[in-house]
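See structure below.
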Protein chains: 2
Amino acid sequence: MYRIGELAKLCEVKTDTLRFYEKHGLLSPLMRTESGYRMYTEEDAERLRFILRAKAVGFTLAEIAELLSIDLDKSNWACADVKGMVDIKLAQVSAKIAELNHFQVSLKRLSDACCGGPESAEHCSILEALESNSAEVKRENHTHQHQNNPNKASCKRKG
Amino acid sequence: MYRIGELAKLCEVKTDTLRFYEKHGLLSPLMRTESGYRMYTEEDAERLRFILRAKAVGFTLAEIAELLSIDLDKSNWACADVKGMVDIKLAQVSAKIAELNHFQVSLKRLSDACCGGPESAEHCSILEALESNSAEVKRENHTHQHQNNPNKASCKRKG
DNA sequence: CTTGACCTTAGATTTAACTCTAAGGTTTAT
DNA sequence: ATAAACCTTAGAGTTAAATCTAAGGTCAAG
């Protein structure tokens, strides 16, 4: 039997989080001491680990609540139901990755076009790309290069 | 000159969004009609497009506000400053992608281990994986296969 | 002159998952 | 017996970016 702080430490979460999970119906200790302290059993700890594992693969708490209720009533559910949830989540995750890949490609293109030097941003390719409609990002061509920093890669490049 | 609804339609955002951007200092039309209607200039429209382009590469509104203020005062900023912001965002995006890739791999593994059929979830590999500590996901081996659905791929696989 | 589409404001609500605060009761170690 | 470390509750705050609501003013057409 664990007190809330003990279970929290054991599973590396905050006590706040355990109370939050209780308030949202994910994990409610069956027992309380006379003075009202929550007492968690090993079974409660297992349930918490289930929650944390499900979180670790990307499920939201609402989805985890559903998974938990299925888990407690397995015989009335089919593999198709469970796999369905996983596959929906997989599709969501893949969609988010696709969006972020888009961001990543665009950001990389912006970053690569900019010299990143001490030159004034007056001709910064990044700002120009954000100002203009074009999908393409133009390389900088600083007409007034700084005399200092001779070791820095020049922003003048062919193209 | 555009009224708020016109600019909103032009740029495919809601009027609420434009008022929200104004409240947060991103886009404030210089003019109002006598009756108080916002009147946006072409310059305002360009500024909105800047905002939308920056959003499209993943910047938050707070970051976009910073980019806009740099853009209005370019000569006092260096390329390094601008590129720095892009590179920080790139790192954040890459980190998020890495996390989601982790989710994706785990979910795929869970999905692949489950037959997804009408079999009872009592021996569902996905639930078992969430219940147990092991990183590995075991394939299902339904001892009581359903007699119907003979066309469905069997959950019995070697391994 | 009235209907409908548009505009104004301030402020509340949404989503997700906590995180924190205040005010107080309990347990344990010294 | 008292201080430290723990626990309780209800409820507010956080983050981001809108989105919605209520109550009302403006404008063009018929």
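By convention in this document, chain letters (A, B, ...) are assigned in the order of the sequence lines, proteins followed by strands, and residues within each chain are numbered from 1.
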Walk me through whether Glu22(A) and Arg32(A) qualify under salt bridge (charged side-chain N to carboxylate O under 4.0 Å, His left out).
CA-CA 13 Å; Glu22(A) 182 171 337; Arg32(A) 293 278 183 128; 3.2 Å; yes
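- For the pair Leu90(B) and Phe103(A), the minimum side-chain heavy-atom distance is 4.5 Å or more.
- Look at NE2 on His24(B): it is 8 Å from C1' on dA17(D), rounded to the nearest Å.
- The distance between atom CD of Glu22(A) and atom C1' of dA17(C), rounded to the nearest whole Å, is 16 Å.
- Ala45(A) pairs by the side-chain contact (heavy atoms from CB on, under 4.5 Å) definition with Tyr2(A), Leu7(A), Glu42(A), Arg49(A), not counting sequence neighbours.
- Tyr40(A) has its side chain within reach of Leu18(A): a pair of non-hydrogen atoms, C-beta onward, lies under 4.5 Å apart.
- Rounded to an integer number of Å, the gap from NZ of Lys96(A) to P of dA16(C) is 13 Å.
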For each nucleotide in nucleotides 24-30 of chain C, reading 5' to 3', give B when a protein heavy atom comes within less than 4.0 Å of its base, S when such contact involves only the sugar-phosphate, and - otherwise.
-BBS---
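- Counting to the nearest Å, the C1' atom of dT19(D) and the CD1 atom of Ile4(B) are 14 Å from each other.
- The nearest whole Å value for the distance from the CD atom in Glu6(B) to the C1' atom in dC27(D) is 13 Å.
- Between the P atom of dA17(C) and the CD atom of Glu99(B) lies a distance of 12 Å, rounded to the nearest Å.
- Residues His24(B) and Leu61(B) have side chains not in contact (no heavy-atom distance under 4.5 Å, counting atoms from C-beta outward).
- Looking at the side chain of Leu61(A), the nearest of the listed nucleotides dC18(C), dA17(D), dG11(C) is dC18(C).
- Atom C1' of nucleotide dA18(D) and atom CG of Leu52(B) are separated by 13 Å, given to the nearest angstrom.
- With salt bridges taken as basic N to acidic carboxylate O contacts below 4.0 Å, one links Asp16(B) and Arg19(B).
- Side-chain contact between Lys96(A) and Glu99(A) is present, with heavy atoms from C-beta onward closer than 4.5 Å.
- Within residues 11-21 of chain B, the residues having any heavy atom closer than 4.0 Å to DNA chain D are, in order of number, Lys14(B), Asp16(B), Thr17(B), Phe20(B), Tyr21(B).
- Both Phe59(B) and Gly36(A) sit near DNA chain D, but only Gly36(A) has its closest nucleotide nearer the 5' end.
- Contact annotation: Arg38(B) side-chain N/O to dT8(C) OP1/OP2 distance is under 4.0 Å.
- The shortest side-chain heavy-atom distance between Asn101(B) and Gln104(B) falls under the 4.5 Å cut-off.
- Using a 4.0 Å heavy-atom distance criterion, Lys9(B) is classed as making no nucleic acid contact.
- Contact check, Arg32(B) against dT26(D): no side-chain N or O comes under 4.0 Å of OP1 or OP2.
- Surrounding NZ of Lys108(A) are at most 12 heavy atoms belonging to other residues, nucleotides or ligands under 6.0 Å away.
- Separating the NZ atom of Lys23(B) from the C1' atom of dT13(C) is a distance of 12 Å, rounded to the nearest angstrom.
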